[in-house]
Structure formats: structure tokens, C-alpha cells
Amino acid sequence: RACNMAEKLQMHDDLVWVPESRVDREQLLLLGDIAICLSSGSPAVVGKTAYCERRWRGSVGAFCGIVRSLEGLDTRYLAHWFRSPSYWQWRDEQARGANIQNLRFSELGRLELPLPPPLEQTRIAWVLNEQMASVERVRGAAEAAGFRLVPSGRFEGVQEETGAVLYSLQSVRGGPCSAESLRIAAVPGVVLVLDVPRVGDPPRAFDQLKLAAKRMAHTLGGELVDDN
């Protein structure tokens with residue numbers, strides 16, 4: 001289901017079991033398949049994909065589909081493309097429906113994507129895999145330093161007692177440092193931002209910010225510098 005689609009296909013939690021006789025052989029997920037959500041009441045979920053990175057005997061549920069690559073196409077290259085800004089722009093142009101937005105397989109069948117030679121596909125996929133590993137390290141360091149990933153996708157440091165936002169992460173290039181921005185672009189550094197006028201106890205919040213910054217720098221093997 002769509003709730004099992006994350007960076008990778010989640011195959012352990014929140015599953016629905018059905019008799020195997022109700023699933024055709026062609027509907028079983030294969031290694032390298034891409035599960036895709038085709039319809040949902042949440043516009044942000046339509047078009048969401050997840051890569052099947054290991055052998056697993058199961059299938060997708062209602063309102064979902066399977067994208068299966070042809071021979072000669074690097075499956076990880078395809079999986080990365082289905083998470084690219086170009087794909088999401090196409091999805092926004094295609095998804096339609098007053099209450100439930102949806103994609104159609106006929107539309108996916110007409111989809112054109114850049115297709116370099118096989119060796120170049122593999123190289124691109126390898127580079128993006130390395131970048132995704134870096135993303136996971138930054139995300140893990142942020143969470144270990146006390147940041148929370150809020151529903152909007154931003155990383156925020158909050159006060160435990162009140163839940164008030166004390167500080168947030170930004171990319172050194174500008175703009176919020178969110179789970180999405182980490183995924184689609186390399187982030188050479190992050191900035192911890194304290195909105196002094198909106199914090200009840202700025203000196204205490206600043207001390208907490210410094211502690212979080214030191215923890216992140218230590219975890220990532222980075223350097224803590226003054227951004228002024």
C-alpha cells in the first residue's frame with residue numbers, strides 16, 4: 001500500500017494478507033520492480049514510488065501498480081528517476097480528479113525519460129546511491145542531535161515541555177533543510193537558525209542550539225563555524 005512506500009519498499013509492517021490464489025503470477029513483485037501509488041485522496045501521495053530491493057513474495061494493493069523495467073534498463077537508475085523533480089513535475093501535470101487524484105497506466109505508458117547507455121545508467125545510479133547514503137547520515141545526525149522531522153518535512157528543534165519551535169535547520173545554500181531537499185540535492189553544509197524574537201528564553205535556546213550543533217558536527221565529522 002502507499003503507506004509502505006518510503007525510500008525503500010517497507011515489507012514488514014502494516015501489511016494486508018490475502019489468499020495467494022487471488023494474486024496472478026504477473027502481479028507478484030520482482031527484484032527491481034517499482035511500486036507506485038496511482039490513486040489517493042491525498043494529492044501528495046499520488047505518484048509516490050518505492051523500489052523493491054530484495055526478493056519478496058507479495059504484491060501491491062488496490063490503487064497501486066507495478067513499474068517493471070525492460071531488459072537493458074538499470075532498475076536503480078529507473079527508481080531514482082521516479083523520484084526526480086522532472087518526474088514530479090510530470091505527475092503534477094497528469095494527476096487529476098475533483099476529490100481523488102489519480103494516474104493512469106496509459107499515461108505512464110506515454111512517459112518519456114532520458115535514457116543514457118547502460119554503463120552510464122549504472123554510473124548515475126551508483127552516484128545517486130552514494131548521495132542517498134549521505135542523506136541518511138545527515139538525517140540520522142539531525143535526529144540524534146534532537147531535531148524532529150515535522151509533517152511539513154522540515155527539521156526543527158522543539159522544546160520538550162511546550163512543543164514550541166526553538167530553532168531549525170537550513171541548507172548552507174539557503175532555504176529550509178527538509179527531508180525532500182536532502183533527497184534531491186547534495187547539501188555541503190547546514191545552518192542552525194534561531195528566531196530570537198519568537199523564542200521565550202533566547203539565551204537558553206541558544207545554549208541548546210550550540211549543543212545540537214556540536215553533536216551534529218561530531219557525528220558527521222564536520223566543522224562547526226560561525227556563519228556571521
Side-chain angles (χ1 to χ4, degrees), residues 1-113 115 121 125 128-129 131-133 135-136 139-140 143 148-154 178-184:
R1 298 188 296 173
C3 59
N4 298 102
M5 297 181 191
E7 294 295 335
K8 302 170 185 176
L9 192 60
Q10 305 297 323
M11 304 174 181
H12 300 289
D13 301 322
D14 201 18
L15 301 177
V16 175
W17 299 91
V18 296
E20 190 170 359
S21 59
R22 297 186 181 182
V23 182
D24 292 337
R25 185 174 181 179
E26 294 78 12
Q27 294 175 309
L28 292 173
L29 281 163
L30 302 178
L31 177 67
D33 279 352
I34 299 169
I36 181 171
C37 176
L38 298 172
S39 182
S40 173
S42 173
V45 175
V46 178
K48 187 178 181 182
T49 62
Y51 181 72
C52 183
E53 66 173 4
R54 63 179 179 83
R55 299 186 186 280
W56 182 73
R57 193 164 183 79
S59 185
V60 296
F63 309 117
C64 296
I66 298 174
V67 176
R68 185 164 293 159
S69 65
L70 298 175
E71 185 177 354
L73 179 60
D74 190 295
T75 58
R76 290 189 180 274
Y77 171 82
L78 184 63
H80 282 298
W81 190 86
F82 269 100
R83 291 175 171 269
S84 69
S86 297
Y87 166 69
W88 282 104
Q89 181 180 352
W90 174 87
R91 187 227 71 134
D92 291 341
E93 294 170 352
Q94 301 299 320
R96 57 178 63 89
N99 296 314
I100 300 180
Q101 295 198 353
N102 58 84
L103 291 174
R104 299 179 179 88
F105 269 119
S106 59
E107 295 166 339
L108 287 169
R110 294 192 296 269
L111 180 59
E112 296 183 358
L113 65 154
L115 195 60
Q121 294 176 36
L128 292 175
N129 285 341
Q131 179 176 320
M132 292 305 300
V135 166
E136 291 303 317
R139 178 183 297 178
E143 293 175 347
R148 294 180 182 176
L149 182 60
V150 297
S152 65
R154 295 168 60 107
S178 64
E180 180 66 12
S181 66
L182 287 175
R183 185 180 64 80
I184 65 176

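Since the structure is predicted, the reported quantities are computational estimates derived from the model, not experimental observations. Residue numbers start at 1 and run along the sequence shown.
- When all heavy atoms are compared, the tightest approach of Ala125 to Asp74 is CB-OD1, 4.0 Å.
- Taking Arg55 as the reference, Leu31 meet the side-chain contact (heavy atoms from CB on, under 4.5 Å) condition, with sequence neighbours excluded.
- Rounding to the nearest 0.5 Å places CG of Leu111 at 11.5 Å from OG of Ser106.
- In this structure, the side chains of Trp90 and Glu107 come closer than 4.5 Å at one or more pairs of heavy atoms.
- In this structure, a donor-acceptor pair under 3.5 Å is absent between the side chains of Ser69 and Tyr77.
- One distance of note links OG1 of Thr49 with CH2 of Trp81; it measures 10.0 Å at 0.5 Å rounding.
- Among all heavy-atom pairs drawn from Cys64 and Cys37, the shortest one is SG-CA, 4.2 Å.
- At a threshold of 4.5 Å between non-hydrogen side-chain atoms, the residues Glu143 and Arg148 do not count as touching.
- Across Trp88 and Phe82, no two heavy atoms sit closer than the pair NE1-O, 4.2 Å.
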Output a table of donor-acceptor pairs, distance under 3.5 Å, between side-chain atoms of residues 19-27 and any protein atom two or more places apart or on a different chain; print 'none' if there are none.
unit_1	atom_1	unit_2	atom_2	d
Glu20	OE2	Arg57	NE	2.8
Glu20	OE2	Arg57	NH2	2.4
Gln27	OE1	Asp24	N	2.8

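- A side-chain contact (heavy atoms from CB on, under 4.5 Å) with Arg68 holds for exactly one of Thr75, Leu73, Asp33; it is Asp33.
- By the side chain to side chain donor-acceptor pair (under 3.5 Å) test, Arg54 pairs with His12, sequence neighbours left out.
- Taking a 6.0 Å sphere around CZ of Phe63, one finds it holds 12 or fewer heavy atoms contributed by other residues, nucleotides or ligands.
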Could you go step by step and tell me if Leu38 and Arg104 meet the side chain to side chain contact (heavy atoms under 4.5 Å, CB included) rule?
CA-CA 7 Å; Leu38 298 172; Arg104 299 179 179 88; over 6 Å; no
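- Atoms CD1 and CD1, on Ile66 and Ile36 in that order, are 11.5 Å from each other to the nearest 0.5 Å.
- No donor-acceptor distance shorter than 3.5 angstrom exists from the side chain of Tyr51 to the backbone of Leu78, with no hydrogens or angles considered.
- Ser40 and Val46 make their closest contact through N-CG2, 3.7 Å (heavy atoms, listed as atom of the first residue, atom of the second, distance).
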